[in-house]
Protein chains: 2
Amino acid sequence: MRPSIKQVASQAGVSIATVSRLLNKPGSVSAETAERIHQTIAALGFRPNFTGRNLRAGNSRTVGVVVPTLSNTVFAQCLQGIELAARELAYSVMFTATEYLPQDESAAVERLLSHRVDGVILTVADAGANATLDLLEHERIPYVLAYNQLSDNAPGRTAVSVDNRQAARDAVAHLIALGHTRIQMLSGQFSASDRALQRHQGYLEAMQAAQLAPLPAIEVQRHTLTAATDYQQLLADPACRPSALFCSNDLLALSAMRDLRALGLRVPQDISVMGFDGIPLGELMEPVLSSVVQPSGQIGEVALRTLVAAIENDNAGLAAAEQRRILPHAIRTGASAAAYVAPAPED
Amino acid sequence: MRPSIKQVASQAGVSIATVSRLLNKPGSVSAETAERIHQTIAALGFRPNFTGRNLRAGNSRTVGVVVPTLSNTVFAQCLQGIELAARELAYSVMFTATEYLPQDESAAVERLLSHRVDGVILTVADAGANATLDLLEHERIPYVLAYNQLSDNAPGRTAVSVDNRQAARDAVAHLIALGHTRIQMLSGQFSASDRALQRHQGYLEAMQAAQLAPLPAIEVQRHTLTAATDYQQLLADPACRPSALFCSNDLLALSAMRDLRALGLRVPQDISVMGFDGIPLGELMEPVLSSVVQPSGQIGEVALRTLVAAIENDNAGLAAAEQRRILPHAIRTGASAAAYVAPAPED
DNA sequence: GTGAAAGCGCTAACAT
DNA sequence: ATGTTAGCGCTTTCAC
């Protein structure tokens, strides 16, 4: 068996209390005893057992993280940001994915709670009515949403995200400024992501503000990287084809660009494409993908810091300002979205 | 405080042992008591506290994962595979990144060990001489390497990866079959990744086998997505420019393609590019990125299953066949690597 | 400054 | 089939 605080104590000729004190508040131990204990710790290769500590202390200095998937770089970046910030604050991270299955959210959180994580960061399908969040609240476990953005009627729920509606609105306004009028939205399943819905809302607002007729959104199964054939017929016909496509995320935008190429359409000459997320690889594309850049790593970092603040304030002292953290987005102007030119007449 | 097994017991009018038994081996409790206990559990919202269980049992059903970064999709996919497989086996995952800093590997593992993880999956800079692995072995903690591939003189270390040397050799052979003779390797820091070194070895072997003169490898700082200017002069000069570039990973290949475009060089007409990793987004590029496809998710899954087998066999019964898990790689043939054509004479 | 002892939630003998 | 009890490693009063 691994050495415990007990062996260290007896070997150093002190009580376990003294060893514990040295580990936690070194000031309260005399220099010579400290020295002696340090020696034995090194000699024995002792490492404090967090399990014992956690059981006694009632906290674990561990946070749980639940995201839909790691296949989307956005969430990977976010997790990266969370872990980095956690490490700085001496917290550990327990991670799990749901694969976009809302029914798995609860199970994931249950498991984390059994491990007695001190708090949870999660991205849920729908932050509005959500059994998992209710559970967390009922159990009084601090949690912070990432990417989810709360409507104003969800008080008390903490979330870190960009302003999805406004960001989408900015993106579409950018397309409009380029002269586009037939702009269509390509989106992931609305049911799998409230963000998609909010972005669609932004699309509608931008179109209305410019007195343009919105086109019906095209909802595709998943941002699988395989061709979403649903909208191919549509695009094939130059008469009803939009001149610009606004995609609810970059993976979708990139897939769309691939599909458009397969149809013989050129981006941006025949059709402009704009994404949402600002994934780094978008900048390596040719043409560079125009997109709304979200600060994913920072979303993770802020989410973690907010969560830890909540944990260490005994879940109380979160200033109202901390409750809704809206981080700034930016428009990345790439060549995938270009000024509108009327299609050359067919002959 | 949250309800403990004790409250459940008293409320249900049984001893805590009975409750514990119901939780662990339900068979050994009479149907009626079981029913009654289940009721109270539901009524109280009781959830077993793993901390207590772990302390008592001496295991945590938790594995630690250490990867260099999540910015590279490859590792994100791997972590995804690990977590999915872990969930199936009722294990949890504690995750941490090192940002490619070898000195952080040990600290990361120390923290995981303090949490008493049952085993560790890690990707290290250098699997050969590695203090972290020595530590793990000394402490008799089961571990499995992912992506690292052991040379034959590292007995007893378990690793899951593709055959990096052979895969690189296949990739370069593919370029040679396309008629290329001036093939140069673009690589991440050899010191940060033994895989890069092994892939370079494969490059050398393929060149030798074809009686071609290898060119000196170009080692770039990081697969940052920003231009690596080191090799730009080289490429600018058509006289000494290679006709094909073999990159030690896809991020590097994609960055290189961007840089080549910036220099006015066309891929593949002026220069062919081949990567290594087979990241999904490579297929969305135009031209599609030729690459060596590694099964990242599967690497994670196999690593986890192997680890759990080791854990549950008390780290003993790993068949020799399990020790070195080499997973198959595949060559993805994209348009980024094309048949060699002699450069048009300048005028 | 240091020690003795209780107890966090749970499991596993051992007893009945 | 169920209860009693010891104890996993640790922190934290409460003494001294």
Side-chain angles (χ1 to χ4, degrees), chain A residues 1-38 40-41 44-62 90 92 110-111 113-118 139, chain B residues 1-38 40-41 44-62 90 110-118 139:
Chain A
M1 216 45 201
R2 235 165 288 293
S4 78
I5 199 176
K6 216 179 203 164
Q7 350 261 27
V8 175
S10 76
Q11 186 123 345
V14 295
S15 75
I16 61 170
T18 305
V19 179
S20 173
R21 270 189 284 262
L22 176 63
L23 261 34
N24 297 296
K25 33 174 102 138
S28 59
V29 173
S30 81
E32 37 201 336
T33 356
E35 174 58 15
R36 195 150 32 94
I37 297 176
H38 274 134
T40 5
I41 285 180
L44 258 44
F46 166 78
R47 192 197 329 277
N49 183 334
F50 285 179
T51 313
R53 172 179 297 182
N54 297 347
L55 182 57
R56 172 66 220 229
N59 72 322
S60 59
R61 283 196 93 79
T62 299
S92 295
E110 290 276 355
R111 201 152 25 84
L113 293 185
S114 273
H115 280 289
R116 292 303 188 264
V117 295
D118 294 341
E139 308 246 352
Chain B
M1 215 46 202
R2 232 166 291 292
S4 77
I5 197 174
K6 216 176 199 166
Q7 349 263 29
V8 175
S10 75
Q11 185 123 347
V14 294
S15 74
I16 60 169
T18 305
V19 180
S20 173
R21 269 190 286 260
L22 176 62
L23 262 33
N24 297 296
K25 34 174 101 134
S28 58
V29 173
S30 80
E32 38 200 336
T33 3
E35 175 56 15
R36 193 151 33 95
I37 298 176
H38 274 133
T40 6
I41 286 181
L44 258 43
F46 165 78
R47 192 196 329 278
N49 183 334
F50 286 179
T51 313
R53 173 179 296 182
N54 296 346
L55 183 57
R56 172 67 220 226
N59 72 320
S60 58
R61 281 197 93 80
T62 299
E110 291 276 355
R111 202 152 25 84
L112 293 172
L113 293 185
S114 274
H115 279 289
R116 293 302 189 264
V117 296
D118 294 340
E139 307 246 353

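Just so we're on the same page: letters track the sequence lines, and every chain starts at 1.
- Separation of atoms CG (A:L22) and OG (A:S28) is listed at 8.0 Å; rounding is to 0.5 Å.
- For B:I5 and C:dG7, the CD1 to C1' distance is 16 Å, given to the nearest whole Å.
- Considering only residues two or more places apart in sequence or on other chains, A:R21 meets the salt bridge (charged side-chain N to carboxylate O under 4.0 Å, His left out) condition with none of them.
- What separates CG of B:N54 from C1' of C:dG9 is a distance of 11 Å, to the nearest Å.
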Test side-chain contact (heavy atoms from CB on, under 4.5 Å) applied to A:V29 and A:R36, step by step: CA-CA 11 Å; A:V29 173; A:R36 195 150 32 94; over 6 Å; no

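- When DNA chain D is scanned in the 5' to 3' direction for atoms under 4.0 Å from non-hydrogen atoms of chain B, the outermost contacting nucleotides are D:dA1 to D:dG9.
- At the phosphate of C:dT11, OP1 or OP2 sits under 4.0 Å from a side-chain N or O atom of B:R53.
- With rounding to whole Å, A:R56 atom CZ is found 11 Å from C:dA5 atom C1'.
- The phosphate of C:dC8 has neither OP1 nor OP2 within less than 4.0 Å of any side-chain N or O from B:T51.
- Rounded to 10 degrees, the angle between the two end axes of the helix from C:dG1-D:dC16 to C:dT16-D:dA1 is 30°, with five pairs used at each end.
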Audit row: B:L23, B:I41, side-chain contact (heavy atoms from CB on, under 4.5 Å) steps and yes/no: CA-CA 11 Å; B:L23 262 33; B:I41 286 181; 3.9 Å; yes

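- Taking CZ of B:R56 as the reference point, atom CG of A:L55 lies at 12.5 Å (rounded to 0.5 Å).
- As a whole-Å value, the separation of A:L55 CG from C:dG9 P is 7 Å.
- The main-chain N or O of A:S60 is never found under 3.5 Å from a side-chain atom of A:R116 such that the two would form a donor-acceptor pair.
- With sequence neighbours excluded, the residues that form a side-chain hydrogen bond (donor to acceptor under 3.5 Å, both in side chains) with B:S30 are B:T33.
- Contacts of residues 12-25 of chain B with DNA chain D (heavy atom under 4.0 Å): B:G13, B:V14, B:S15, B:A17, B:T18, B:R21.
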Check against side chain to side chain donor-acceptor pair (under 3.5 Å), B:H115 and B:T62: CA-CA 9 Å; B:H115 279 289; B:T62 299; over 6 Å; no

Verdict with supporting geometry, A:S4 and A:N49, side-chain contact (heavy atoms from CB on, under 4.5 Å): CA-CA 8 Å; A:S4 78; A:N49 183 334; over 6 Å; no

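- In terms of the side-chain hydrogen bond (donor to acceptor under 3.5 Å, both in side chains) criterion, residue partners of A:R2 (sequence neighbours excluded) are, by chain and number, B:E139.
- Taking all atoms of both residues into account, the shortest heavy-atom contact from B:I5 to B:F46 is N-CE1, 3.4 Å.
- Separating the CD1 atom of A:I37 from the P atom of C:dG1 is a distance of 13 Å, rounded to the nearest angstrom.
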